[in-house]
Amino acid sequence: MSVVCIEFKPGLEGIPATQSSISYVDGQQGILEYRGINVGQLAKHSSFLETAYLLIWGHLPSEEELKIFEYDVRHHRRVKFRIRDMMKCFPETGHPMDALQASAAALGLFYSRRALDNPEYIRSAVVRLLAKIPTMVAAFKLIRSGNDPVMPRDDLDYSANFLYMLTEQVPEPLAARIFDVCLTLHAEHTINASTFSAMVTASTLTDPYAVVASAVGTLAGPLHGGANEDVISMLEDIGSVENVRPYLDGLLERKAKIMGFGHRVYKVKDPRALILQELAEELFDKFGYDKNYEIALELEKAVEEKLAHKGIYPNVDFYSGLVYRKLGIPMDLFTPIFAISRVAGWLAHWKEQLAANRIFRPTQIYTGDHNVSYTPIEER
Ligand code: ACO
């Protein structure tokens, strides 16, 4: 009889699930690096597509490599009319994350030749997923209100084109740049729930569209990507700066979580929240003030007073919603936008998983009974 000598850690907290060279987090010092480069430097100097290239291929592209990559992504933005027609059959009340998960999985029907040992196949899957996910998010936004999707514009860069497809207006350069930085900041974050989900799915050697679809489903939950929607609802519920402290006391009394605060890894303010806050301020300066920002600042102060001893500080979701709102993005698209960005990280982990694959098959600690007799239904 083998003796099992393992301790159960709920949520696998602190247990390494893989070896990875993609990103690094120091939760005590508030450091996040992609391939060794501080995310703040990438936010300042890089673009989302260049960062995606860095994450997926492990090095910053040369000028020529970046030019080709951007060209390829630009020219794969359209989705097949059958996908658009399929989306027209989705209920308009459905959540855009569900629509995205279904559409991402459906892409696999169209590009089904699975050749995981062929670098060309890997490259074209990366290009297609990065190119088409924004188009599908924007298409569902228009389709659900009875409109036809807006076709992508090849003369616009990645972020400007997405905002154009969403709002039917070419965005101001500042808005497009800030949105692009948001994508860079959300592109990767070690082995979080959705990335783990992507890796487990990848380890079965299924196709990359199924990998991304499973990760999208995992990201949708309110404890993960869905929190930034809840932050805005909470700020609106609070309603005024004066109501911040009574509202917070009510939450703490009910032992409810304050959305946009706390993180499994960060025990200081999330470095992405710091950058997003600066971007929010830049946007308010240019496009007008948002009352919820004042409420958010007061809430951050009040939470720090009460919960800093537990290491509870704003996470990435606390300020991202305020930025997206100012860019005119509907609240239920916040998490799909997270997916547009995080697909870069998921694909990097997919590629890394394939390079040293072993199917995930953890064990369990059985807590049930043994040798139980079957009870006939009339005796139950
Ligand atoms: N509000 C109030 N208290 C909190 C919060 C919060 N947001 N987060 C953690 N705590 C408290 C817990 O009540 C607990 O206190 P206790 O030890 O006295 O019982 C302690 O801090 C530890 O909390 P856990 O839930 O065990 O921490 P865990 O690491 O499992 O959870 C999580 C991390 C899920 C992010 C949590 O902080 C949370 O639910 N936050 C709100 C939702 C949110 O903003 N999610 C987005 C995360 S970022 C992202 O996914 C991109």
Side-chain angles (χ1 to χ4, degrees), residues 8-15 17 23 25-28 30-32 34 39 43 97 182-198 215-235 237-238 244-277 292 296 298-324 331 333-346 349:
F8 170 53
K9 294 274 196 165
L12 299 183
E13 184 167 1
I15 298 188
S23 64
V25 176
D26 180 331
Q28 298 300 332
I31 294 171
L32 168 61
Y34 297 166
V39 76
M97 277 303 267
C182 291
L183 295 184
T184 300
L185 293 177
H186 287 82
E188 159 65 8
H189 206 251
T190 74
I191 313 302
N192 51 81
S194 58
T195 301
F196 187 46
S197 176
V216 169
T218 310
L219 184 68
L223 294 188
H224 192 7
N228 53 10
E229 273 185 55
D230 295 336
V231 169
I232 297 294
S233 308
M234 177 183 69
L235 295 176
D237 238 24
I238 294 175
V244 164
R245 279 157 205 274
Y247 189 95
L248 176 63
D249 290 343
L251 285 179
L252 294 177
E253 251 166 56
R254 296 198 305 280
K255 297 206 178 313
K257 292 270 171 72
I258 305 138
M259 286 294 144
F261 285 85
H263 199 278
R264 175 64 61 82
V265 183
Y266 293 117
K267 299 303 164 206
V268 293
K269 188 165 173 177
D270 187 327
R272 301 165 297 174
L274 286 163
I275 302 170
L276 280 163
Q277 188 173 358
N292 284 324
E298 186 64 17
L299 183 61
E300 181 177 346
K301 225 191 294 166
V303 171
E304 186 170 348
E305 283 162 24
K306 306 233 171 191
L307 294 176
H309 66 283
K310 286 192 188 174
I312 311 286
Y313 288 94
N315 60 47
V316 67
D317 284 325
F318 192 56
Y319 289 108
S320 62
L322 288 171
V323 171
Y324 295 151
M331 245 161 68
L333 292 193
F334 294 176
T335 317
I337 285 166
F338 195 156
I340 289 175
S341 159
R342 187 53 62 83
V343 78
W346 296 331
H349 284 274

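Values below: all heavy atoms of this structure, side chains included; hydrogens, waters and symmetry mates excluded. Start at 1 and go down the list; that is how both ligands and their atoms are numbered.
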Q: Any side-chain heavy-atom pair from Ile312 and Lys267 closer than 4.5 angstrom?
A: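 No, side chains not in contact.
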Q: Looking only at protein heavy atoms, which one is nearest to atom 35 (C) of ligand 1, and what is the separation?
A: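 Nearest protein contact, heavy atoms only, for atom 35 (C) of ligand 1 is Gly262 O, 3.7 Å.
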Q: Please say which of Asn228, Asp230, Ile232 ends up in a side chain to side chain contact (heavy atoms under 4.5 Å, CB included) with Met259.
A: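 One option only clears the test, and that one is Asp230.
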Q: Regarding Tyr319 and Glu300, do their side chains bring together a donor and an acceptor under 3.5 Å, going by distance alone?
A: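 There is such a pair (donor and acceptor under 3.5 Å, judged by atom type) between the side chains of Tyr319 and Glu300.
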Q: For ligand 1, which atoms sit closer than 4.0 Å to a heavy atom of His263?
A: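 Those atoms are 37 (O), 48 (S).
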Q: Residue-level breakdown please: for Asn192 versus ligand 1, do any non-hydrogen atoms fall below 4.0 Å on the side chain, on the backbone, on both, or on neither?
A: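 Looking at Asn192 and ligand 1, no heavy atom falls under 4.0 Å.
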Q: Quick one: look up the protein heavy atom nearest atom 42 (C) of ligand 1 and list residue, atom name and how far away it is.
A: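 Going by distance alone, atom 42 (C) of ligand 1 is nearest to Met259 SD, 3.6 Å.
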Q: Which of the atoms in ligand 1, numbered in the order shown and given with their element, are less than 4.0 Å from a heavy-atom of Ala227?
A: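 Reading through ligand 1 atom by atom, the close ones are 43 (C), 44 (O), 45 (N), 46 (C).
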Q: Can the ring centroids of His263 and His189 be said to lie less than 6.0 angstrom from one another?
A: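 So the answer is yes for these two rings.
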Q: Looking only at distances, can you tell me whether any N or O atom of Phe261, backbone or side chain, sits closer than 3.5 Å to an N or O atom of ligand 1?
A: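 N/O-N/O distance below 3.5 Å exists for this pair.
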Q: Please classify the Lys310 to ligand 1 contact at 4.0 Å (heavy-atom distances, strictly less than): side chain, backbone, both or neither.
A: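 Side chain only; the backbone of Lys310 stays clear of ligand 1.
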Q: Taking heavy atoms and a distance under 4.0 Å, where does Val231 meet ligand 1: side chain, backbone, both or neither?
A: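 It is neither part, as no heavy atom is under 4.0 Å.
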Q: Return a yes/no value: protein heavy atom under 4.0 Å from atom 22 (C) of ligand 1?
A: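 No, no protein heavy atom sits under 4.0 Å from atom 22 (C) of ligand 1.
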Q: Looking only at heavy atoms, is any part of Leu223 under 4.0 Å from ligand 1, and if so is it the side chain, the backbone, or both, or is it neither?
A: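 Both backbone and side chain of Leu223 come within 4.0 Å of ligand 1.
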Q: Yes or no on ring-ring contact (aromatic ring centres under 6.0 Å, His included) for Phe318 and Phe261, after CA distance, side-chain angles and deciding distance?
A: CA-CA 7 Å; Phe318 192 56; Phe261 285 85; 4.6 Å; yes
Q: Examine the side chains of Ser194 and Thr218 and answer whether a donor and an acceptor come within less than 3.5 Å of each other.
A: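 No pair is found: no donor N or O on one side chain lies under 3.5 Å from an acceptor on the other.
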Q: Using modelled atom types and a 3.5 Å cut-off, is there a donor and acceptor pairing between side-chain atoms of Tyr266 and backbone atoms of Val25?
A: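 Judged by distance alone, no pair lies under 3.5 Å.
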Q: Whether the side chain of Ser233 engages the backbone of Glu229 through a donor-acceptor N/O pair (distance < 3.5 Å, no angle test) should be reported.
A: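 Indeed, once roles are kept as given, a pair shorter than 3.5 Å links the two residues.
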Q: Quick one, Tyr247 with Asp237, criterion side chain to side chain donor-acceptor pair (under 3.5 Å). Give me CA distance, side-chain angles, the key distance, then yes/no.
A: CA-CA 9 Å; Tyr247 189 95; Asp237 238 24; 3.2 Å; yes
Q: I want to check something: taking the side chain as every heavy atom from C-beta on, are Val216 and Trp346 in contact at a cut-off of under 4.5 Å?
A: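 Sidechains of Trp346 and Val216: in contact.
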Q: List the closest protein heavy-atom neighbour of atom 46 (C) of ligand 1: residue, atom name, distance to the nearest 0.1 Å.
A: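 It is Asp317 OD2, 3.3 Å.
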Q: Just to be sure I read this right, does ligand 1 sit under 4.0 Å from the backbone of Phe318, its side chain, both, or neither, counting only heavy atoms?
A: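 Near ligand 1, Phe318 shows nothing, with every heavy atom at 4.0 Å or more.
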Q: I want to know if ligand 1 touches Ile258 in the polar sense, i.e. an N/O pair below 3.5 angstrom.
A: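 Right, the criterion is met.
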Q: Mark up the atoms of ligand 1 that fall under 4.0 Å of a heavy atom belonging to Val316, in ascending order.
A: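 The list of qualifying atoms is 51 (C).
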Q: Hey, do the aromatic rings of Phe334 and His186 have their centres closer than 6.0 Å?
A: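 Aromatic pair excluded; centres sit 6.0 Å or further apart.
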Q: I'd like to know if Glu304 pairs up with Lys301 as an ion pair, taking the criterion as any Lys NZ or Arg NE/NH1/NH2 lying under 4.0 Å from an Asp or Glu carboxylate oxygen.
A: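 Looking at Lys301 together with Glu304, the answer is no, because their closest N to O distance does not fall below 4.0 Å.
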Q: Tell me, please: is Gly260 in heavy-atom contact with ligand 1, that is, under 4.0 Å?
A: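 It does; at least one heavy atom falls under 4.0 Å.
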Q: Please work out which of Lys257, Glu13, Arg272 has its closest non-hydrogen atom nearest to atom 36 (C) of ligand 1.
A: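 Selected option, by shortest heavy-atom distance: Lys257.
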Q: Which protein heavy atom lies closest to atom 10 (N) of ligand 1, and at what distance to 0.1 Å?
A: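 Answer, as residue, atom name and distance: Ile312 CD1, 3.3 Å.
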Q: Which atoms of ligand 1 are found less than 4.0 Å from any heavy atom of Phe338?
A: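 In order of numbering, the contacting atoms are 51 (C).
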Q: Does the side chain of Leu276 reach to within under 4.5 Å of the side chain of Leu322, using non-hydrogen atoms?
A: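 No. Closest side-chain heavy atoms not under 4.5 Å.
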Q: Would you say ligand 1 has an N or O under 3.5 Å from any N or O of Lys267?
A: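 Between Lys267 and ligand 1 (N or O atoms, distance only) the closest approach is not under 3.5 Å.
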Q: Considering only protein heavy atoms, which is closest to atom 47 (C) of ligand 1, and at what distance to one decimal place?
A: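 Its nearest protein heavy-atom neighbour is Asn315 ND2, 3.6 Å.
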Q: Does the protein place any heavy atom closer than 4.0 Å to atom 29 (O) of ligand 1?
A: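 Under 4.0 Å from atom 29 (O) of ligand 1, at least one protein heavy atom found.
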Q: If the cut-off is 4.0 Å to any non-hydrogen atom of Arg264, which atoms of ligand 1 fall inside it?
A: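 Matching atoms, with element in brackets: 28 (P), 29 (O), 30 (O), 33 (C).
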Q: Which heavy atom of Gly225 sits nearest a heavy atom of Thr335, and at what distance?
A: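 Result for this residue pair: O-OG1, 3.3 Å.
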Q: Can you tell me which residue and heavy atom of the protein come closest to atom 50 (O) of ligand 1, and the distance to 0.1 Å?
A: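 Residue, atom and distance for the closest contact: His224 ND1, 3.0 Å.
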Q: Nearest protein heavy atom to atom 18 (O) of ligand 1: under 4.0 Å?
A: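 Within 4.0 Å of atom 18 (O) of ligand 1, protein heavy atoms are found.
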